[in-house]
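Structure record follows, encoded as structure tokens.
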Amino acid sequence: MRVIDYAIKGQTVHIHVVETEEDLLDFESFILANQSLLAHDCETTGLDWWNASAGTFRARLWQFGNARESFVVPVEKGDSFRGAVRWALRTARRLIAHNGTYDLHVAEECLGIPMEELAPKSWDTKLIAHLVDPRAVKEDGPGLKLEELTKHYICEVVAAEVKGSMTAIAKELGVKKDEVWDSIPIDHYRFLLYAGMDPILAFRLFKILIPKTPVRSRRRGLISWEHRLAHITAKIERTGYLLDTKYAQEKASELAAQQKHWEEVARHHGVDNVNSNAQIITALRERGVKLTKKTKKGNVSVDDEVLTDVGIPLTEAIVKAKKAGKWKATWFDRAIAAQDPDGRVHASVNSCQARTARMSITGAVPAQTLPAGDSYVRHCFLADPGHVTVSSDYGNMELRVLAAFSGDPTMMDAFHRGLDLHQITADAAGVNRKAGKGTNFVVCFGGGWKAIVEQYGVAEAEAKKAVKAFWETYPGVKRFADRLQREARQAGYIYTGTGRRLPVDRNRIYSALNYFIQSTSRDITARALIEIDRAGYTKYVRLPIHDELVFSFPRERVRELAEKTARIMEMTIKGLLIPVDSEIGEQPWGSVLDLEASKH
DNA sequence: TGGATCTGCACC
DNA sequence: AAACGGTGCAGATCCA
């Protein structure tokens with residue numbers, strides 16, 4: 001047995017590296033002695049756990065530890081090692097992992113332990129860290145990655161020396177960062193140190209973070225609630241989404257042809273690279289075009305709006321070439337490349353990601369950003385064979401949350417009686433409905449008249465009038481916003497009704513209202529997922545998208561299941577219903593959009 | 001070669 | 001008094 005000693009702030013920790021089958025005896029003793037609470041982690045060849053059955057993905061190391069020592073087991077070396085790890089995972093009564101969803105996928109795919117077996121006894125330090133402080137490093141927060149949390153809560157030196165080491169190792173070995181996990185020798189000293197420290201750090205973080213969790217969050221049961229949710233989104237990831245490969249490939253070639261054509265036109269007009277803003281600026285200036293719009297950093301802007309306004313053949317070609325190229329790469333190429341052996345693609349769902357705890361969906365199915373204007377892209381995602389797509393979304397979720405929690409009588413009355421809230425705002429201000437609608441949304445975002453002007457093309461005077469009228473028409477909202485801002489100013493954070501603590505920046509106190517609305521809305525969707533899981537319907541859920549759930553239901557039961565799940569999703573808050581509308585489509589997700597388009 | 005930053009664009 | 005909230009990703013560019 002090889003032992004690596006390392007010091008955390010002068011305190012020595014021991015990393016035991018299992019090398020032979022005889023070494024497993026000590027490993028098993030350690031597990032038995034620590035089975036009440038064990039941290040664990042695994043190192044793998046990549047992140048594409050869905051390719052385990054294809055053999056291109058495998059687990060290499062599995063590590064277990066407590067605050068002072070850890071064991072590193074080379075699972076790739078053979079069945080006896082895999083068997084020992086399988087036994088350890090099953091023997092542990094409670095497991096801690098950082099971003100443990102990933103380890104659950106790997107345990108299932110590589111060790112054959114169903115996710116459902118480990119999930120109920122798993123704790124995730126990423127989720128607990130989010131409840132303590134959800135802010136990213138760039139927002140002056142601790143961050144949510146293990147390296148960031150180690151730096152913030154444990155020791156800066158350890159974070160840099162250990163968690164930051166794989167980049168340097170890749171460089172020394174002369175491989176790309178993404179490739180180092182597969183190619184690094186299993187007995188590489190600093191790889192073993194990196195791997196062995198992980199459970200030690202996760203264990204320590206758990207002990208540090210649990211007492212820091214807001215009392216209100218704990219009392220409301222948020223810790224276990226978020227864990228249940230994370231396990232549900234893990235199941236959704238595992239199911240994946242069936243890809244219409246033929247359609248995706250057709251569209252990819254179609255876009256490639258368009259891109260090629262429009263790039264040639266642009267080249268003919270003197271722009272070789274349509275993605276180079278510098279070239280575009282030079283070419284337009286040579287033609288005497290005045291470019292006045294500025295980027296956030298004060299540079300010359302040549303975005304879609306500017307180019308469309310210029311309106312010459314060159315700018316038309318640039319816009320079309322850029323769009324074709326980006327759509328091909330972002331939507332179709334990615335999905336095609338990420339298919340598993342069954343032709344399914346697996347999104348990565350971060351169940352508790354944004355400051356407001358909104359989920360984020362990344363990877364092969366960036367569900368939250370798929371073009372929604374038409375079915376062009378969404379058409380490539382299919383309900384299962386014999387199934388159809390159902391999209392169920394909440395109506396006016398954020399405004400209803402605002403109405404319910406502010407208790408504003410005018411707003412509540414409007415929703416209760418099914419009146420048009422946008423028109424009410426418009427009438428109060430003496431502006432058109434578009435301006436009224438813009439005002440309702442912009443106020444929810446913490447914006448002012450300028451935002452209404454920019455986003456909704458409303459005249460300055462109208463926008464100013466509308467904002468003033470909004471606050472006068474809905475005095476309850478004003479009082480609610482003021483209360484939240486006062487709370488934020490005094491404490492530095494607000495609490496939501498679910499007991500979540502949200503930090504509010506001192507120089508952006510106005511965002512308190514939006515944080516409350518956005519976070520509460522997220523929790524309503526999260527509650528729906530938990531209830532849908534309880535009812536046994538998770539297998540039908542394909543994706544959650546903010547205020548919407550996308551399902552794949554068997555065609556012959558679609559009406560019944562759509563109805564049942566919609567009723568589960570619906571929720572009444574302070575007497576106000578947040579209604580759900582289900583759209584039943586055909587097999588492709590895109591068919592739902594086509595249906596909606598044909599209605600209007 | 002890869003990281004960091006900027007710009008632009010897709011969404012709720 | 002007013003205040004645009006939350007994301008992910010591709011490509012260019014600069015820098016070490």
Side-chain angles (χ1 to χ4, degrees), chain A residues 134-136 138-139 164 167-168 170-171 173-180 273-281 293-307 318-319 321-323 325-331 333-334 347-350 353-373 376-378 393-394 396-398 402 438-439 441-456 463-464 467-468 471 481 485 502 504-505 507-519 521-522 525 543-548:
Chain A
R135 292 173 301 169
K138 65 172 189 296
E139 298 174 315
T167 307
K171 205 166 194 174
L173 294 176
V175 296
K176 292 179 185 171
K177 174 93 192 279
D178 291 349
E179 292 164 3
V180 73
N273 183 351
V274 295
N275 287 310
S276 167
N277 290 350
Q279 280 187 30
I280 296 171
I281 290 165
K293 188 173 176 184
K294 294 284 189 287
T295 67
K296 207 172 67 185
K297 296 278 171 185
N299 298 316
V300 176
S301 170
V302 279
D303 61 14
D304 187 63
E305 190 197 356
V306 172
L307 296 176
I318 292 169
V319 168
K322 274 172 76 171
K323 181 167 172 171
K326 175 126 191 245
W327 278 43
K328 175 181 181 290
T330 309
W331 313 126
D333 290 351
R334 274 179 77 89
S348 179
V349 182
N350 303 300
Q353 209 275 341
R355 184 190 296 217
T356 56
R358 258 196 181 180
M359 300 180 209
S360 86
I361 303 182
T362 62
V365 194
Q368 292 167 334
T369 55
L370 292 174
Y376 191 81
V377 174
R378 293 187 194 207
D393 63 337
Y394 290 97
N396 286 313
M397 188 190 223
E398 299 207 327
L402 177 60
T439 305
F441 284 123
V442 163
V443 168
C444 279
F445 289 159
W449 63 267
K450 278 185 187 165
I452 301 171
V453 170
E454 277 168 30
Q455 249 186 261
Y456 292 86
K464 282 181 178 171
V467 171
K468 189 163 172 287
W471 295 115
Q485 292 194 15
L502 303 175
V504 181
D505 300 342
N507 56 347
R508 293 193 311 160
I509 290 294
Y510 61 86
S511 50
L513 178 66
N514 177 256
Y515 285 177
F516 185 96
I517 296 170
Q518 189 180 108
S519 194
S521 300
R522 177 275 188 189
T525 305
L543 292 164
I545 307 165
H546 301 308
D547 62 347
E548 174 191 4

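Worth knowing before you read on, the calculation uses all heavy atoms, side chains too, and leaves out hydrogens, waters and symmetry mates. Chain letters run A, B, ... following the sequence lines, proteins first, then strands; residues in each count from 1.
- Qualifying side-chain hydrogen bond (donor to acceptor under 3.5 Å, both in side chains) partners for A:Tyr376, counting only residues two or more places apart in sequence or in other chains: A:Glu254.
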Next item on the list: Could you walk me through whether A:Leu502 and A:Phe516 pass side chain to side chain contact (heavy atoms under 4.5 Å, CB included), step by step?
Entry: CA-CA 8 Å; A:Leu502 303 175; A:Phe516 185 96; 5.8 Å; no
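- For the atom pair A:Lys468 NZ and A:Thr439 OG1, the distance stands at 13.5 Å (nearest 0.5 Å).
- Heavy atoms of A:Gly363 sit under 4.0 angstrom from primed sugar atoms or phosphate atoms, though from no base atom.
- Here the range on DNA chain C touched by chain A, meaning any atom under 4.0 Å from one of its heavy atoms, is C:dA3 to C:dT13.
- A distance of about 23 Å separates the P atoms of B:dC11 and C:dC4, rounded to the whole Å.
- Closest-nucleotide positions on DNA chain C for A:Thr330 and A:Glu139 were compared, and the one nearer the 5' end corresponds to A:Glu139.
- Here A:Gln485 lies in heavy-atom contact (under 4.0 Å) with a base.
- At a threshold of 4.0 angstrom between heavy atoms, the contacts of A:Arg334 are confined to the sugar-phosphate backbone, with no base atom among them.
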Note to self: Applying side chain to side chain contact (heavy atoms under 4.5 Å, CB included) to A:Gln353 and A:Met359, what does each step give before you reach the verdict?
What the structure shows: CA-CA 5 Å; A:Gln353 209 275 341; A:Met359 300 180 209; 6.0 Å; no
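- The existence of a salt bridge linking A:Arg358 and A:Glu398 is confirmed by a sub-4.0 Å separation between a basic side-chain nitrogen and an acidic carboxylate oxygen.
- Take the nearest nucleotide of DNA chain C for A:Thr356 and for A:Ile509: the residue whose nucleotide is more 5' is A:Ile509.
- You'll find the side chain of A:Ser521 stays beyond 4.5 Å of the side chain of A:Tyr394, heavy atoms only.
- A heavy-atom distance below 4.5 Å is not found between the side chains of A:Pro134 and A:Thr356.
- Between A:Ile280 and A:Leu307, some side-chain heavy-atom pair lies under the 4.5 Å cut-off.
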Checklist line | Reading 5' to 3' through nucleotides 5-12 of chain B, protein heavy-atom contacts under 4.0 Å coded B for base, S for sugar-phosphate only, - for none | finding: -SSBBBBB
